[in-house]
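Computed from a predicted model, the values in this text were never measured in an experiment. Computed over heavy atoms, backbone and side chain alike; hydrogens, waters and symmetry mates excluded. Whatever order the structure lists them in is the order used to number ligands and atoms, beginning at 1.
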Amino acid sequence: MRIDLHCHSTASDGTDTPAELVRNAAAAGLDVVALTDHDTTRGYGEAIAALPAGLTLVTGAELSCRVDDVSMHMLAYLFDPEEPALLAERELVRDDRVPRAQAMVARLNDLGVPVTWEQVERIAAGGSVGRPHVATALVELGVVPTVSDAFTEEWLADGGRAFVEKHETDPFEAIRLVKGAGGVCVFAHPAAAKRGRTVSEARIAEMAAAGLDGIEVDHMDHEADARDRLRGLAKDLDLLVTGSSDYHGSRKTVALGAYTTDPEVYGEITRRATGAFPVPGTGGA
Ligand code: AMP
Ligand code: FE
Ligand code: FE
Ligand code: ZN
C-alpha cells in the first residue's frame, strides 16, 4: 500500500486540477491520496467525480495557523466539511487571503515590480490565493527564474520585503474545531526551518495534550537529523508519524508519492475520524 497524505490542487496553490491530481496519483502507483488544499475543501467534488478505481481519496485540508508568532500548518483529515464552526473559520482564513495578496501586489509595485492583482487573480483561477500565485506572476514577469526563487528575503519569504501576513488560526483552536467536526489533526512539516522559525517541542507537547493526533515527519523540507528528532518526539508524546509529498504540481519539484505513510498509521487515522469516510474510487467520470 502506497499512501500519500498531503497534496495540493488548483483549489489552492497546486497546478493539477483535482481531477488531474487523482489521475496522476493513480498513475504514480498510489493506493491512497489525500487532498489537502490550503484553507478550503472546494476541490472535493471534482476529485471524487474523477477518482479512478483502485485509488482511495482521503478528504482533508491544510489549515493556516499561528502560535508564538510562528506560522504553521495543520493538516486536518476526514472532518465533516459542512460542520459550521470549522467551515466559518476556514472561510475566514481563505477569504482574508485576497486582501493580503492585494497588499503584497501593492508592496511589489512600491518596489518597482509591475505586477497587477488581475494577473495574480488569473493565475490563482479561483483557488485559495497564496504566495505561490504571486511568485508565479514574478516568474512570468522575469523577476525571478522559478517560484522557489521568490521565497527569499528580497521578495516573499516570511518577513521579506513584499511579505504581508494573513489571518491565521490559533492551532489549539484549530484542534478544537477539527475534533468538533470529527476530524484528525496532523502538524504539517513541523521542522521546516528554511521557511522561518519553527514551533517549540514544549508547544507541540501542549498540542498533543490538547488532542493533536500526529506529526508529519517524512517531508522534503526535513533533513535526516530533524526526522530522527521528530520520530523521538512522536514516541515520547504518543503521536502518529506520517510521511507525504506535499505535492504542488509544477510549482514544486517534489513528485507524488515521494514520501509515504505507513498503512498502520493510515488505518489508525481512519479509525479515529468520525466526520467523513475515505472515498473508494469507482472509475471516474
Ligand atoms: P501562503 O499560504 O500564501 O503564505 O504561502 C505558503 C505556501 O508557499 C506554502 O504552502 C508552499 O506552497 C509555498 N512555499 C513556501 N516556501 C516555498 C519555497 N521555498 N519554494 C516554493 N514554494 C514555497
Ligand atoms: Fe502550498
Ligand atoms: Fe504546508
Ligand atoms: Zn502543503
What atoms of ligand 1 come closer than 4.0 angstrom to any heavy atom of Asp13?
7 (C), 10 (O), 12 (O)
Short list, please: which atoms of ligand 1 are under 4.0 Å from a heavy atom of Arg97?
1 (P), 2 (O), 3 (O)
Evaluate the ring pair (Phe, Tyr, Trp, His ring centres under 6.0 Å) criterion for residues His73 and His189: first the C-alpha distance (whole Å), next the side-chain angles of each, then the deciding distance (0.1 Å), finally the verdict.
CA-CA 8 Å; His73 292 167; His189 44 75; 5.1 Å; yes
Ranked by distance from atom 9 (C) of ligand 1, the top protein heavy atom is Arg195 NH1, 4.0 Å
Presence of N, O or S from His73 under 2.8 Å of the Fe ion (ligand 3):
yes
For the residue pair Arg203 and Val67, what are the closest heavy atoms and their distance?
NE-CG2, 3.9 Å
Shortest non-hydrogen contact from Cys65 toward Glu168:
C-CB, 3.6 Å
Do Leu30 and Ile3 have side chains that get closer than 4.5 Å, going by heavy atoms?
no
Please work out which of His38, Glu62, Arg100 has its closest non-hydrogen atom nearest to atom 1 (P) of ligand 1.
Arg100
Residues Ser128, Arg42; criterion side chain to side chain donor-acceptor pair (under 3.5 Å); working and verdict
CA-CA 9 Å; Ser128 261; Arg42 278 189 184 168; over 6 Å; no
Shortest non-hydrogen contact between Thr15 and Glu20, atoms and distance
O-OE1, 4.0 Å
Say whether Leu240 and Met74 are linked into one hydrophobic cluster, either directly or through other cluster members, by side-chain heavy-atom distances under 4.5 angstrom.
no
Using a 4.0 Å cut-off to any heavy atom of Lys166, which atoms of ligand 1 qualify?
1 (P), 2 (O), 4 (O)
Atom name, Glu62 (N, O or S, nearest to the Zn ion (ligand 4))
OE1
If you check every N/O/S atom of Glu62, which is the one nearest the Fe ion (ligand 3)?
OE2
shortest atom 12 (O) of ligand 1-to-protein heavy-atom contact is with His248 NE2, 2.8 Å
For atom 16 (N) of ligand 1, what is the nearest protein heavy atom, given as residue, atom name and distance?
Phe151 CD2, 3.4 Å
Short N/O/S contact of His189 with the Fe ion (ligand 3) (below 2.8 Å):
yes
I'd like to know if the Fe ion (ligand 3) has an N/O/S atom from Asp246 within less than 2.8 Å of it, counting both backbone and side-chain atoms.
no
Can you list the atoms of ligand 1 that are under 4.0 Å from a heavy atom of Arg131?
1 (P), 3 (O), 4 (O), 5 (O), 6 (C)
Distance under 4.0 Å to a non-hydrogen atom of His73: what atoms of ligand 1 satisfy this?
10 (O)
Between Ala135 and Val144, which heavy-atom pair has the shortest distance, and what is it?
O-CG2, 4.5 Å
In ligand 1, the atoms that come under 4.0 Å of a heavy atom of Gly130 are 3 (O)
How close do Ala19 and Glu46 get, counting heavy atoms only, and between which atoms?
N-OE2, 3.0 Å
Exercise: identify the closest heavy-atom pair between Ser245 and Asp4:
OG-OD2, 2.7 Å
Do Asp170 and Arg66 sit within salt-bridge range, that is, some charged N less than 4.0 Å from a carboxylate O?
no
Is it the case that one hydrophobic cluster holds both Leu78 and Ile175, taking links as side-chain heavy atoms less than 4.5 Å apart, direct or via other members?
no
Under a 4.0 angstrom heavy-atom cut-off, which atoms of ligand 1 come close to Pro132?
5 (O), 7 (C), 8 (O), 12 (O), 13 (C)
Between His6 and the Zn ion (ligand 4), is there a contact where an N/O/S atom of the residue lies under 2.8 Å from the metal?
yes
Quick one: does Ser148 get an N or O within less than 3.5 Å of an N or O on ligand 1?
yes
Work out the angle at the Zn ion (ligand 4) between OD1 of Asp246 and NE2 of His8, rounded to 10°.
90°
